[in-house]
Amino acid sequence: MVVDKIENGIVLDHIKAGNAMALYRYLNLDELDCSVAIIKNVKSRKMGKKDIIKIDSMIDINLDVLGYFDENITVNIIRGGERAEKKHLSLPREIVNIVKCKNPRCITSTEQELDHIFRLTDPQRRVYRCAYCDSAGGNAGGNV
Amino acid sequence: MRHVLNITDLSVSEIDSLIATAMDIIGNREKYQDICRRKKLATLFFEPSTRTRLSFEAAMLELGGSVIGFSSASSSSSSKGESVSDTVKVVSYYADIIAMRHPKEGAPVAASAVSGVPIINAGDGGHNHPTQTLADLLTIHREKGRFNDLTVGFCGDLKFGRTVHSLVSALSRYCGINLVFISPDELKIPQYIITDIVNKNHMPYIETRDMESVMPTLDILYMTRVQGERFFNEADYVRLKDYYILTPDKLAAAKPDMCVMHPLPRVNEISRTIDSDPRACYFKQVENGKYMRMALIMMLLGLTPEI
Ligand SMILES: [Zn+2]
């Protein structure tokens with residue numbers, strides 16, 4: 001299968017197979033005017049199969065947001081048709097206003113102006129907890 | 001700015017010094033009567049809790065300080081829709097230290113982000129209540145003389161019982177603590193307490209529904225109230241509230257120096273005939289709570305004298 005080469009833009013590689021559509025929505029890529037290619041079930045030596053997203057524009061991507069989704073994704077920056085940069089992600093220590101606390105007894109449920117802050121409390125099990133009430137905010141890793 | 005929102009905000013050595021200060025207060029009341037002169041404690045109680053508020057206010061008054069504040073949300077500007085952050089920001093211009101209670105979990109975290117003075121969490125919903133745990137620790141210290149090598153039973157509502165979660169977390173930093181969780185299935189200790197605290201610190205524990213079978217093994221029995229306000233369903237509450245009642249019959253099997261503790265108020269989970277038993281320590285906890293609040297207020301104001 002042939003997908004047009006990008007001149008200047010971003011390629012998100014090593015997305016867990018099946019997660020590309022969720023990531024597309026998570027990053028609000030539907031709001032972009034440029035062409036975006038979602039390539040599913042690409043053969044991968046490392047992963048068996050994987051998804052890839054190609055974005056034909058140099059948009060700003062918050063790496064913490066992406067790292068929270070899946071820290072195994074690699075971000076390739078393409079300039080002049082060549083890969084100019086390859087970024088590896090890590091699980092962010094803190095995420096702000098990405099997930100909302102679901103605890104109905106949490107102060108964030110009544111005070112609208114507060115930021116929703118989650119902190120990584122268990123990197124091994126990838127658990128994030130609300131900075132206010134300590135409720136677990138769902139595990140990272142494609143579960144957003 | 002230093003705040004105490006959670007018992008683990010205090011290190012083990014800080015808890016040791018708070019206990020040393022409290023013991024010194026008990027022995028030398030006059031030495032402390034003017035320490036906080038001209039200092040003001042604000043008690044911001046967005047939810048009524050007369051017992052806790054009076055303990056804080058008595059603590060500050062006994063240190064020679066004064067007290068301002070409100071005792072329910074309806075008597076504060078939050079009834080006009082003001083946020084916790086704004087209320088606390090305003091009050092921190094008037095007071096030197098704030099003790100706040102709020103029905104929502106994490107409210108003191110929001111407050112501490114904007115406060116110019118130290119905040120003590122005096123209870124945030126079912127979440128934390130560190131000064132209750134300080135009272136519990138001083139009681140254990142005075143009754144047992146140690147925090148190591150104790151078998152501690154927790155009985156009643158272990159699911160919503162924040163005092164239980166806090167005390168387990170405080171005890172997890174000492175050696176040789178055996179935990180016994182006694183509760184109906186519906187009110188079992190939450191799994192995250194087991195994984196994040198108990199197992200993480202390699203604490204031996206058992207879970208049982210039967211109080212009597214474990215009674216002879218306990219050094220401390222921490223009873224809790226099954227709280228109606230934590231239930232969404234009245235029928236569940238009525239069915240569970242009388243599940244575990246400590247009676248003289250059951251206490252007969254306990255060690256002669258076992259300590260019966262309870263964060264109070266009790267409903268009927270401890271029979272009143274036990275109040276005169278030397279093992280009953282729950283009213284001592286009330287007294288100890290005041291001493292620990294005095295010690296904490298001095299620590300946060302940087303006014304603790306030499307012992
Ligand atoms: Zn929360």
Part of Glu113(A) within contact of chain B (heavy atom distance under 4.5 Å)
side chain

Derivation and outcome, salt bridge (charged side-chain N to carboxylate O under 4.0 Å, His left out), residues Glu85(A) and Arg83(A)
CA-CA 6 Å; Glu85(A) 222 182 313; Arg83(A) 186 165 77 192; over 6 Å; no

Counting only non-hydrogen atoms closer than 4.5 Å, does Thr108(A) touch chain B with its backbone (N, CA, C, O), its side chain (CB onward), both, or neither?
neither

Flag the one option from Asn103(A), Thr121(A), Ile117(A) with the top tally of heavy-atom pairs under 4.5 Å to chain B.
Asn103(A)

Going by the angle between their ring planes, with limits at 30° and 60°, are Tyr128(A) and Tyr68(A) parallel, tilted or perpendicular?
perpendicular

Should the ring pair His165(B) and Tyr192(B) be called parallel, tilted or perpendicular, given that the plane angle runs from 0 to 90° and is split at 30 and 60?
perpendicular

Does any N or O in the side chain of Glu111(A) come within less than 3.5 Å of the main-chain N or O of Val84(B), such that one atom is a donor and the other an acceptor?
yes

May I ask you to decide if the ring planes of Phe56(B) and Phe45(B) are parallel, tilted or perpendicular, using 30° and 60° as cut-offs?
perpendicular

Tell me, out of Ser109(A), Cys106(A), Cys133(A), who's got the most heavy-atom pairs with chain B below 4.5 Å.
Cys133(A)

Output the option from Pro108(B), Ser112(B), Ser85(B), Gly106(B) having the highest count of non-hydrogen pairs under 4.5 Å with chain A.
Gly106(B)

